[in-house]
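In what follows, chains carry the letters A, B, and so on, assigned in the order in which the sequence lines appear, proteins first and then strands, with residues in each chain numbered from 1. None of these values were measured; they are calculated from a predicted model.
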There are 2 protein chains.
Amino acid sequence: MKLTKAQKRVLDFILQHIRERGYPPTVREVARAFGYRSPLSAKQHIDALVRKGYLRRASGVSRGLSLAMPLSNASSLSLPVVGTIRAGSPILATENIEEYITVSRELFPLEEGFGLRVVGDSMKDAGILEGDIVIVRPGVEPTQGDIVVALVEDEATVKRLFIEDGTVILKPEHPDMRPMRFKAADVKILGKVVGLIRRF
Amino acid sequence: MKLTKAQKRVLDFILQHIRERGYPPTVREVARAFGYRSPLSAKQHIDALVRKGYLRRASGVSRGLSLAMPLSNASSLSLPVVGTIRAGSPILATENIEEYITVSRELFPLEEGFGLRVVGDSMKDAGILEGDIVIVRPGVEPTQGDIVVALVEDEATVKRLFIEDGTVILKPEHPDMRPMRFKAADVKILGKVVGLIRRF
DNA sequence: ACAAATACTATACATTTGTATAGTATATAT
DNA sequence: ATATATACTATACAAATGTATAGTATTTGT
């Protein structure tokens with residue numbers, strides 16, 4: 001069932017309260033948060049949220065609210081891990097997805113993203129080895145020196161990014177390899193590497 | 001800090017209450033659960049749990065309890081991350097715990113374990129850098145060549161383990177460092193490194 | 001042996017809290 | 001158009017609640 005604007009605001013407040021403080025708010029705390037001068041104003045919104053299945057309530061119990069959907073869904077995120085990325089086909093094409101990993105938002109504060117299995121040892125001096133999974137946050141403007149996932153010549157690679165007057169420089173971290181320079185149009189930055197996971 | 005039996009029982013009850021109902025119990029609900037005839041009996045146990053760092057409390061607030069550590073469930077595990085490990089004091093002494101991280105059992109199939117923040121770059125050629133968190137599984141017999149956390153000379157270090165007729169060899173993975181040899185009695189293997197997490 | 005911490009009982013009190021009754025005003029759907 | 005749901009104010013009340021004071025008995029550490 002759909003929520004009204006006011007109901008959605010109240011639900012968001014309750015969610016945030018539980019996430020931040022670890023326990024639900026009282027009816028009056030909800031009222032205070034929205035400037036309501038009567039506790040009933042808040043209670044009616046909560047009643048609606050319970051009726052519509054968004055919240056559970058133990059009646060007569062102080063702070064007796066809980067989420068109908070477990071918070072674990074909110075506190076952790078399931079990310080697809082791709083092995084190879086080719087230009088043309090979408091990054092997260094199902095045939096590319098090797099597995100899904102669950103990472104806690106606490107550890108990697110993402111809204112969306114994906115994992116990429118590292119191929120080759122071009123970033124070995126940055127402690128990124130073959131087989132590692134790098135956690136990639138797409139759609140953020142990377143700054144000078146960030147480690148990124150870039151799509152060049154039909155292949156995705158992990159490199160350190162520098163930009164010099166319109167030229168994109170992808171720098172490996174390997175003693176035998178040299179930085180590569182590209183015209184901005186020839187490189188697509190898929191995202192910034194924000195984490196790494198390795199299994200031994 | 002260690003918990004007494006009664007304190008542990010109370011903590012377990014509070015944990016279960018939050019897990020099952022979604023909100024913490026009141027002081028009196030704890031008292032009732034254990035048959036205490038005075039709310040103070042429960043309060044004193046809760047006071048101890050707050051003092052010892054297992055719970056957080058908003059004072060004067062009904063059900064104002066929350067867990068200092070994130071909740072573990074069937075699919076994820078909450079691991080303490082320790083910064084420094086010294087001989088003598090127990091590994092997981094509360095004053096050593098920097099944070100808790102939640103890892104999915106899917107990713108690291110553990111029943112128990114801990115994280116250790118890596119100091120120094122003695123394992124840089126194995127892709128383990130300063131600041132990384134290694135996931136340690138204690139109590140398993142490590143095999144030749146495994147990366148382990150070992151306690152030597154009052155300090156915990158991450159090294160690759162070899163054993164040669166009674167001698168324990170801890171091998172750094174760093175061009176400038178040489179393997180160290182110890183009598184078996186002088187080294188305690190705290191656990192095997194089964195994973196690594198890095199945040200950029 | 002002795003001090004400190006632990007583990008409880010009994011009772012009390014000011015607040016906090018969920019809920020209720022009685023309204024007003026506006027938006028939404030049939 | 002008209003009933004229904006939404007969105008609020010004002011006030012009230014019994015029960016729940018965190019905390020406090022004053023104790024007793026037992027365990028633990030030194």
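The existence of a salt bridge linking B:D132 and B:R117 is excluded, since no basic side-chain nitrogen approaches an acidic carboxylate oxygen closer than 4.0 Å. Salt bridge annotation for B:E141-B:K192: absent, with no cationic side-chain nitrogen under 4.0 angstrom from a carboxylate oxygen. Using a 4.0 Å cut-off between charged side-chain N and carboxylate O, B:E164 and B:R181 make a salt bridge. For A:E173 and A:R160, the salt-bridge test passes: some basic side-chain N is under 4.0 Å from an acidic carboxylate O. Ionic pairing of A:D47 and A:K43 is present here: one or more N-O contacts between side-chain nitrogen and carboxylate oxygen are shorter than 4.0 angstrom.
At the phosphate of D:dT6, OP1 or OP2 sits under 4.0 Å from a side-chain N or O atom of A:K52. Residue A:R51 places at least one side-chain N or O under 4.0 Å from the OP1 or OP2 atom of D:dT6.
Taking the side chain as every heavy atom from C-beta outward, B:L79 and B:Y100 never approach each other to under 4.5 Å. For the pair A:I133 and A:L196, the minimum side-chain heavy-atom distance is 4.5 Å or more.
Taking CE from B:M123 and CD from B:E130, the interatomic distance works out to 14.5 Å, rounded to the nearest 0.5 Å.
Here the options are A:K171, A:K159, A:H174, the test is side-chain hydrogen bond (donor to acceptor under 3.5 Å, both in side chains), and the partner is A:S122; only A:K159 passes.
The distance from atom CZ of B:R63 to atom C1' of D:dA16 is 9 Å, rounded to the nearest whole Å. The separation between A:L3 atom CG and D:dA7 atom C1' is 15 Å, rounded to whole Å.
Nucleotides of DNA chain C lying under 4.0 Å from heavy atoms of chain A occupy a range whose first and last members, 5' to 3', are C:dT17 to C:dA22.
Mapping B:G60 and A:R57 onto DNA chain C via the closest heavy atom, the residue that lands nearer the 5' end is B:G60. Mapping B:S62 and B:K5 onto DNA chain C by nearest heavy atom places B:K5 closer to the 5' end of the strand. Both B:V61 and A:T4 lie near DNA chain D, and the one whose nearest nucleotide falls closer to the 5' end is A:T4.
In the hydrophobic clustering, where aliphatic and aromatic side chains (Ile, Leu, Val, Met, Phe, Trp, Tyr) are joined below 4.5 Å either directly or transitively, A:M180 groups with A:V148, A:V152, A:L161, A:I163, A:V168, A:L170, A:F182, A:V187, A:I189.
Using cut-offs of 30° and 60° for the angle between ring planes, the A:H17 and A:Y23 rings count as perpendicular. Using the six-membered ring where Trp is involved, B:Y36 and B:H45 have ring planes that are tilted, between 30° and 60° apart.
Residues from residues 40-49 of chain B placing a heavy atom under 4.0 Å of any atom in DNA chain D, listed by number, are B:L40, B:K43. Listed in residue order, the members of residues 23-32 of chain A having a heavy atom less than 4.0 Å from DNA chain C are A:T26, A:V27, A:R28.
Annotation: salt bridge (Lys or Arg N to Asp or Glu O under 4.0 Å) contacts of B:R199 (sequence neighbours excluded): B:E99.
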Next item on the list: Go along nucleotides 24-30 of chain D 5' to 3' and tag each nucleotide: B for a protein heavy atom under 4.0 Å from its base, S when only backbone or sugar atoms are that close, - otherwise.
Entry: -------
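Residue-level contact check: B:R9 touches neither bases nor backbone, having no heavy atom under 4.0 Å from any strand.
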